Amino acid sequence: AEQYIRRSGREPALEGELLEHLTPGLALGAMAAPDGAVVSTPGHAPHMAGMNPMHPAALGMAHAHGLPAHMGCMSDVDADPRDLEAFAERFKQRRIKLGVTQADVGSALANLKIPGVGSLSQSTICRFESLTLSHNNMIALKPILQAWLEEAEGAQREKMNKPELFNGGEKKRKRTSIAAPEKRSLEAYFAVQPRPSSEKIAAIAEKLDLKKNVVRVWFCNQRQKRSPPSPRSWTSRRTWSASGSATSARSRSA
DNA sequence: GGATTATGCAAATAAACG
DNA sequence: CGTTTATTTGCATAATCC
């Protein structure tokens, strides 16, 4: 039973309870920008991690990054791409100043003991810094990383003390990797029957020595992968960084 | 040559649905 | 429960940085 901070949902499902919990972002004006920057963007209170009831609605797509021409009653969230961009940049900078790696940050998050927040991988931290996450994801992670940053800076100046309290936070999401041979088997099964029954799945799982759930999910993902691309999925993934703060210029091969 | 960081691919998860 | 759809991550590894 692990609950992560994420929140998705394909269908808005906006109904009655769309205007109910509009509590999160009140008061809490400024949290003292540690470094004197972060200008407090207009009303927005990063709902502490935990499970904030942010509406699955709208969030997804919509909101033109340029300017939310519509009312500003969407709970909290600054949501301004430029703010995020600035934060990410400063975050990296300060992280480095602290002499900490992305991987370190990732695992340190668990020590923060924020309910619902476990550690993250180096990948995710990297992506946050380079803004290669979805907008929503960025917004969700920001308060957490900010909390860590403040904690880390505080702890450092306070003492050179490094309490190795690496004890139990929540665990990181684990990812099992399915080896090539079993993958081939699975594909063979898939070819003959893309939607096996529970029992079939159990049998396959046993045969391949995999967990039943792993097999089930594999089939789900497989179906998803092969199903025709939904015409309506242009939700996120870096839709925003259109500006030119040339941060990275990839280039394959020489 | 090892440590860090960036990335492709795809598991795992969540919400709505049945 | 299990499905679909949309999305969030992590593993593995390539690319870079000392």
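Below, each value reflects all heavy atoms present in this structure, side chains not excepted, and no hydrogens, waters or symmetry copies. Just so it is clear, the model here is predicted, and its values are computed rather than measured. Proteins get letters first, then strands, A, B, ... in listed order; numbering begins at 1 in each.
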Can you tell me which nucleotide in C:dT8, C:dC11, C:dG2 comes closest to the side chain of A:Lys172? C:dC11
How close or far is atom P of C:dT8 from atom CD1 of A:Ile125, stated in whole angstroms? 15 Å
Is the distance from OP1 or OP2 of B:dA12 to the nearest side-chain N or O of A:Thr176 less than 4.0 Å? yes
Nearest listed nucleotide, side chain of A:Cys220, among C:dT3, C:dG2, B:dA11: C:dT3
I want to check one thing: is the phosphate of C:dG10, taken as OP1 and OP2, less than 4.0 Å away from some side-chain N or O of A:Ser177? no
For A:Ser123, report the nucleic acid contact type (base, sugar-phosphate, nothing); a contact means any heavy atom under 4.0 Å. base
Pairwise side-chain contact, A:Val117 with A:Trp148, heavy-atom cut-off 4.5 Å (strictly under): no
Rounded to the nearest angstrom, tell me the gap between atom CG in A:Asp104 and atom P in B:dT4. 7 Å
If you define the side chain from C-beta out and look only at heavy atoms, does anything of A:Leu98 sit under 4.5 Å from A:Leu149? yes
Compare side-chain N and O positions of A:Lys92 against OP1 and OP2 of B:dT5 and report whether any pair is under 4.0 Å apart. no
Given C:dG2, B:dG8, C:dA12, the nucleotide with the shortest approach to the side chain of A:Arg216: C:dG2
Between A:Leu120 (CG) and B:dA11 (P), how many Å, whole number? 20 Å
To the nearest Å, how far apart are A:Ile178 CD1 and B:dA11 P? 5 Å
Check this one for me: any side-chain N or O of A:Lys212 less than 4.0 Å away from OP1 or OP2 of C:dG2? yes
What nucleic acid atoms does A:Lys200 come within less than 4.0 Å of, heavy atoms only: base, sugar-phosphate, or nothing? nothing
Go through the N and O atoms of the side chain of A:Asn213 and the base of B:dA12, and report whether any donor-acceptor pair is under 3.5 Å. no
Has A:Trp218 got a side-chain N or O lying under 4.0 Å from the OP1 or OP2 atom of B:dA11? yes
Starting from P on C:dT7, measure out to CG on A:Leu133 and report it in whole angstrom. 13 Å
Only one of A:Val215, A:Asn221, A:Val217 clears side-chain contact (heavy atoms from CB on, under 4.5 Å) with A:Phe219; which? A:Val215
Below the 4.0 Å mark, does C:dT9 have OP1 or OP2 next to a side-chain nitrogen or oxygen of A:Asn137? yes
Nearest to the A:Arg175 side chain among B:dT5, B:dA12, B:dA10, which nucleotide is it? B:dA10
Starting at atom CG of A:Asn221, determine the distance to atom P of C:dG2, rounded to an integer number of angstrom. 15 Å
Report the nucleotide, chosen from C:dT3, C:dA12, C:dC11, that has the shortest atom-to-atom distance to any side-chain atom of A:Gln122. C:dA12
Examine C:dT3: is either OP1 or OP2 under 4.0 Å from a nitrogen or oxygen in the side chain of A:Arg223? Give yes or no. yes
Identify which nucleotide among B:dA11, C:dG2, B:dT5 has an atom closest to any side-chain atom of A:Arg173, counting heavy atoms from C-beta outward. B:dA11
In short, ring pair (Phe, Tyr, Trp, His ring centres under 6.0 Å) pairs touching residues 102-121 of chain A with sequence neighbours left out are none
Counting any heavy atom closer than 4.0 Å, what does A:Arg95 reach on the DNA or RNA strands: base, sugar-phosphate only, or nothing? sugar-phosphate
Roughly, in whole Å, what's the span from CZ in A:Phe91 to C1' in B:dT5? 14 Å
Does A:Thr132 put a side-chain nitrogen or oxygen below 4.0 Å from OP1 or OP2 of B:dA6? no
For A:Lys183, answer base if it contacts any base atom (sugar-phosphate contacts may also be present), sugar-phosphate if it contacts only those atoms, and nothing otherwise; contact means non-hydrogen atoms under 4.0 Å. sugar-phosphate
Does any N or O donor sit under 3.5 Å from an N or O acceptor when you compare the side chain of A:Arg127 with the base of C:dG10? yes
Measure from NZ on A:Lys171 to P on B:dA12 and round the result to the nearest Å. 12 Å
Would you call A:Glu129-A:Arg95 a salt bridge at under 4.0 Å N-O? yes
First of A:Thr124 and A:Gln224 reached from the 5' end of DNA chain C, by closest nucleotide: A:Gln224
N/O donor to acceptor pairs below 3.5 angstrom from side-chain atoms of residues 188-208 of chain A, sequence neighbours left out:
residue, atom, partner, partner atom, Å
A:Gln193, OE1, A:Arg195, N, 2.9
A:Ser197, OG, A:Lys200, N, 3.2

Any side-chain heavy-atom pair of A:Leu145 and A:Leu109 under 4.5 Å: yes
